[in-house]
Q: 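Please find one structure pasted underneath; my questions will follow.
Each chain gets a letter, A, B and so on, in the order the sequences are listed, and its residues count up from 1.
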Amino acid sequence: MKGAARLPRNFYAQDARVVARGLIGARLHRVFPDGREAVGRIVETEAYLGPRDLASHARHGRTARTEVMFGPPGYAYLFLIYGMYWCLNVVTERKGVAHAVLIRAIEPLSGIEGRTDGPGKLCRALSLDRAFNGADLRGPTLFLTKGKPPARVAVSRRIGVDYARHWARRLLRFTEAGNPHVSRS
DNA sequence: GACCGGATTATG
DNA sequence: ATAATCCGGTCA
């Protein structure tokens, strides 16, 4: 298969719900320092809708931690959870609007060792950590391309955000229905 | 400066 | 069911 083109900046410059749905089936590429490339197909995402979204890290406004989310679309926002695991997010919407999409699971296609059915697991498998916070998602070592479209997309509540009151009930999680690499929960 | 709790995972 | 482990947010 030929090397597909990186997803364009204007794709990321949309509402996080649109991007989260659109990323199901897309390919996530990671080129390691030694030149090896890992590729996975995104099968689970969640949309986070900025300061008004009580489940978003942006709920307390613009801080050093959330700065990247308020920046231009098409960049990576990584954060550490429970002191142990990194999670990869895609910044969406125009500059100043802190929308983001959490990549929760990918289906390994090539060059991947270890499980990728969870946000912490996939970051570990792809060696993604704080060094990638703010990284261009159209760059040389981390980028996304178009992939095989999902047969069917299921929509559900986001995972682990019960503290977010009514926002916890919003249907902002997207999965490829029936894909075995979707995280359990 | 101290305390709290989490967009998780592995293990029992 | 619970431990591992650390940082940002919050309040003093």
Q: Linking I/L/V/M/F/W/Y whenever any side-chain heavy atoms sit under 4.5 Å apart, do A:L28 and A:Y77 land together?
A: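 No, it is not one cluster - the side chains of A:L28 and A:Y77 are not joined through contacts under 4.5 Å.
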Q: Check whether any side-chain nitrogen or oxygen of A:H57 sits under 4.0 Å from OP1 or OP2 of B:dA7, and answer yes or no.
A: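 It does, given that an N or O in the side chain of A:H57 lies less than 4.0 Å from OP1 or OP2 of B:dA7.
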Q: Quick one: ring pair (Phe, Tyr, Trp, His ring centres under 6.0 Å) pairs with a partner in residues 138-161 of chain A, sequence neighbours left out?
A: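 Those involving residues 138-161 of chain A are A:H29-A:F143.
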Q: Between B:dG6, B:dT8, C:dG9, spot the one nearest the side chain of A:T66, thanks.
A: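 The nucleotide sitting nearest to the side chain is C:dG9.
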Q: Find the distance A:L78:CG to C:dG8:P and express it as a whole number of Å.
A: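 Rounded to whole Å, this separation is 14 Å.
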Q: By nearest atom, which of the nucleotides C:dG9, C:dC7, B:dT8 is closest to the A:R65 side chain?
A: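 Nearest to the side chain of A:R65 among the choices is C:dG9.
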Q: Considering every strand and a 4.0 Å limit on heavy-atom distances, what is the contact class for A:G120: base, sugar-phosphate, or nothing?
A: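 Sugar-phosphate contact only - A:G120 comes under 4.0 Å of backbone atoms but never of a base.
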Q: Taking atom P of B:dA7 as reference, at what distance in whole Å does atom CZ of A:R124 sit?
A: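 Taking CZ of A:R124 and P of B:dA7, I get 19 Å after rounding.
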Q: Salt-bridge test for A:R169 and A:D162: reply yes if a basic N is under 4.0 Å from a carboxylate O, no otherwise.
A: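 The answer is no: the pair does not qualify as a salt bridge.
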Q: What does A:R158 touch in the nucleic acid at a heavy-atom separation under 4.0 angstrom: a base, only the sugar-phosphate, or nothing?
A: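 Here A:R158 touches no strand at all.
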Q: Would you call A:R152-A:E176 a salt bridge at under 4.0 Å N-O?
A: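 Here A:R152 does not pair with A:E176 in a salt bridge, since their nearest N and O are not under 4.0 Å apart.
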Q: I'd like the P distance from C:dT5 over to B:dA2, given in whole Å.
A: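 The same atom, P, in both gives a distance of 22 Å.
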Q: Identify whether any heavy atom of A:L102 sits under 4.0 Å from a base atom; if not, whether one sits that close to sugar-phosphate; answer base, sugar-phosphate or nothing.
A: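 Base: the residue A:L102, judged by heavy atoms under 4.0 Å, touches a nucleobase.
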Q: Using both distances under 3.5 Å as the test, list the Watson-Crick or G-U wobble partner of C:dT5, or none.
A: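 Matched C:dT5 with nothing under the 3.5 Å cut-off.
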Q: Base, sugar-phosphate or nothing for A:S183? Non-hydrogen atoms, less than 4.0 Å.
A: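 Touches nothing.
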Q: Using the side-chain heavy atoms of A:M84, tell me which of these nucleotides is nearest: B:dA10, B:dT8, C:dA4.
A: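 Closest nucleotide to the A:M84 side chain: C:dA4.
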Q: If B:dA7 has a Watson-Crick or G-U wobble mate with both distances under 3.5 Å, name it; if not, just say none.
A: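 Partner of B:dA7: none.
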